[in-house]
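These notes concern the structure reproduced below.
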Amino acid sequence: MFKTHSCGELRPENVGQEVTLAGWVNRRRDHGGLVFIVLRDRAGLTQIVSSPEAAPEAHEAAATVRGEYVIQVRGVVRLRPEEQVNPDWATGAIEVEAREVRILNLSQTPPFYIYEDSAVDEGLRLRYRYLDLRRSRMQRNILLRHRTVKFIRDFMDAHGFVEIETPFLFKSTPEGARDYLVPSRVHPGKFYALPQSPQQLKQLLMVAGYERYYQIARCFRDEDLRGDRQPEFTQLDFEMSFVERDDILDLVEVLFTELVAAVTPQKRVLSPFPRLSYAEALERYGSDKPDLRFGMELGDLTAVLSTSEFRVFRAAIEEGGQIKGIVAPGCADYARRQLDELTALAQKQGARGLVTLAFRADGVKGPAVKFLTESELAVIAQHLGAGEGDLVCIVADAKPVVAGALSALRLAFRDQLQLADPDLLAFGYVLDFPMFEWNEEGQRWDAAHHPFTMPRPNTYAAMMADPTAVLSDAYDLVCNGYELASGSIRVHDPRIQMDIFRVLGYPEEEARARFGHMMEAFSYGAPPHGGMAPGIDRTVMLLAGENNIREVIAFPKTAQAVDLMADAPSPVDQKQLDELHLKLSESE
RNA sequence: GGGGGCGUAGUGUAGUGGUUAACAUGUCGGCCUGUCAAGCCGAAGACCGCGGGUUCAAGUCCCGUCGCUCCCGCCA
């Protein structure tokens, strides 16, 4: 071993011991006659001091080291003088007096600071990710991720789940996200697909009788990226037999509550997790993944303004839309520019405009005031609970547009007014999603969750007549405005499954071609079952207080899906293409 | 596919169309025996992402392009 101790563990009780440490040179302070080296390893920092009196050769070597050199130091632990104790360090009470300094490896000057978490262009961090991962922010996040996954594995094991691996090379299905395809060398013209999730496989494991399966599963989706979306990401994928929805929700609630207490005890959670229907989430927050850390709920003014003469309101009502508003507390003094930004934000969500009313001491101000009666203004204030000093934002438009615009405004105010407690993890469940969504482009019904989702029993009867009336037994876990997990109770009755395929427009033959293996498996005694798949990256991101999953992934890709360090994707040799029976088209 | 933001020494930033592009930090050299953001002295280091255009004159204005990023579409 190159070391007897880590750089994080020496304490006053070790004084007098001869120890050997090894690590990276964090910083060096050369006083000529006296050299201080801050040595760093994964466990922490320890100050090394060398002087010509104590060990002339060690001192000579110490004077030549530079930042990020890898060195080994043999020396004696000493107490620091009382006034020189560094209270910010775990090892701040001691130092190691060098007897021997061995340079194990040199280092170029790094392209950015390793010893402090100063801002650096993210492209540069990603190109030198191995250096970025040395910095304390990334070390903290990666170790937190480890502790999170470790906790989850222990928890799942303790609750009777079996970890089972499923293949990466699987079958492409036209539903859902775009697949990453892998060409087959052995079968010219045929392709595997990397799994978007192990959905089908985990259901087959239920048919196989494992009853409780889980996996820390990598998933692949070839869609455009966001701060919370990478082309490959990790889920806690699990499935349970002989359970109903609430069995799964209760289990996941315990899992996340205990996880937070174990790995980030400084964070708080709501208890119990609020459970809202999809309809209620949209009604109150305008979103199916609401940030529940703060109020500012949407107020519905459609009924109370039904007789308004204001053209904007009348148009919305006549077109079957809605008039809804939110109250931004203390924002009545917003400048013209700020109001323009709010309007632009609403318009980006498809709204035709935004009605702003500033409730000031000298009256209500806003471009629309002259079109509204005194009593209408009073009704708006009373209905939304707006008082002096507040800014009311109203959107009158089609229902989804109103929800989208006000939800975006609500989140903008959250950030501007710092309404959300950063130490609160407001988990909540969204339930009773619609079973089907109308696909305008394809002129057909799509499964809102996926085609194996069980309809809510009391809504199933209407399925063939009116797909919009069918709710599904699907559920999402949300937290602080992010969708953290999706899941559902699955269909285990082949007759219901065929009905669903009929609504989706798959004739029996096509359904068998696409999902024949599933249909067949389900004919051999499929138990009632359901599951869920919480995203590990987003979970760790929230635990770490980051707002980007790249910060909790060791080697992430850029927003353009590029690995800047390895330079992937990259061209391949003609020979490789030939083996795979691939021919590039002219335009490439 | 569409829209916004950013791009200036290694890093982080400043820079009214007008001399030799500034500051901090880092790097290198010298001095220095109690520092911990060590200090003091000195030096090197950027043709301003790239290409084109406007202009007597472009880091600055315009167009294009590349990269990073955020958002919309997309993500069963």
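Chain A is the first sequence line, chain B the second, and so forth, proteins listed ahead of strands; every chain is numbered from 1.
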Counting only side-chain heavy atoms from C-beta out, which of [options] sits nearest to [X]?
X        : options                : value
A:Gln84  : B:rU35, B:rG29, B:rG12 : B:rU35
A:Thr558 : B:rC74, B:rC28, B:rU69 : B:rU69
A:Gln47  : B:rC32, B:rC75, B:rC36 : B:rC36
A:Glu122 : B:rU35, B:rU69, B:rG26 : B:rU69
A:Lys348 : B:rC70, B:rC71, B:rC68 : B:rC71

Has the side chain of [X] got a donor or acceptor that lies under 3.5 Å from a partner of the other kind on the base of [N]?
X        : N      : answer
A:Arg127 : B:rG10 : no
A:Arg221 : B:rC75 : no
A:Asp224 : B:rC74 : no
A:Tyr128 : B:rG10 : no
A:Arg28  : B:rC36 : no

Roughly, in whole Å, what's the span from [atom1] in [X] to [atom2] in [N]?
X        : N      : atom1 : atom2 : result
A:Asn547 : B:rC70 : CG    : P     : 9 Å
A:Gln108 : B:rG10 : CD    : C1'   : 11 Å
A:Arg125 : B:rC68 : CZ    : P     : 15 Å
A:Asn548 : B:rC71 : CG    : C1'   : 14 Å
A:Glu223 : B:rG2  : CD    : C1'   : 16 Å
A:Tyr115 : B:rU27 : OH    : P     : 6 Å
A:Arg29  : B:rG39 : CZ    : P     : 10 Å
A:Asp563 : B:rG67 : CG    : C1'   : 15 Å

* Asked: Heavy atoms, side chains only, cut-off 4.5 Å: are A:Phe233 and A:Arg538 in contact?
  -> no

* State, yes or no, whether a side-chain contact exists between A:Phe501 and A:Arg514 at a heavy-atom distance under 4.5 Å. => no

For nucleotides [N] and [M], find the distance between their [atom1] atoms and express it as a whole number of Å.
N      : M      : atom1 : answer
B:rC68 : B:rA24 : C1'   : 24 Å
B:rG59 : B:rC47 : P     : 12 Å
B:rA43 : B:rU54 : P     : 42 Å

* **Residue whose nearest RNA chain B nucleotide is more 5′ - A:Phe112 or A:Leu126** => A:Phe112

* Hey, which sits more toward the 5' end of RNA chain B by its nearest nucleotide, A:Pro52 or A:Leu124? => A:Leu124

* A:His31 over B:rG34, stacked by centroid distance under 5.5 Å, angle under 30° -> no

* Is A:Phe36 stacked on the base of B:rU35 when the test is centres under 5.5 angstrom and planes under 30 degrees? -> yes

Within the structure shown, what part of the strands sits under 4.0 Å from [X] by heavy-atom distance: base, sugar-phosphate, or nothing?
X        : value
A:Glu95  : base
A:Gln199 : base
A:Asp30  : base
A:Gly350 : nothing

Between [X] and [N], is there a contact of a side-chain N or O with OP1 or OP2 at under 4.0 Å?
X        : N      : value
A:Arg226 : B:rG73 : no
A:Arg66  : B:rG29 : yes
A:Arg550 : B:rC70 : yes

* For the residue pair A:Tyr334 and A:Phe413, does the interplanar ring angle fall in the parallel (under 30°), tilted (30 to 60°) or perpendicular (over 60°) class? -> tilted

* According to the interplanar angle, ranging from 0 to 90°, do the rings of A:Phe433 and A:Tyr278 count as parallel (below 30°), tilted (30 to 60°) or perpendicular (above 60°)? -> tilted

* Pair A:Ser486, A:Asp476: side-chain N/O donor-acceptor within cut-off below 3.5 Å -> yes

* What do you reckon, is OH of A:Tyr192 surrounded by more than 12 foreign heavy atoms closer than 6.0 Å? -> no

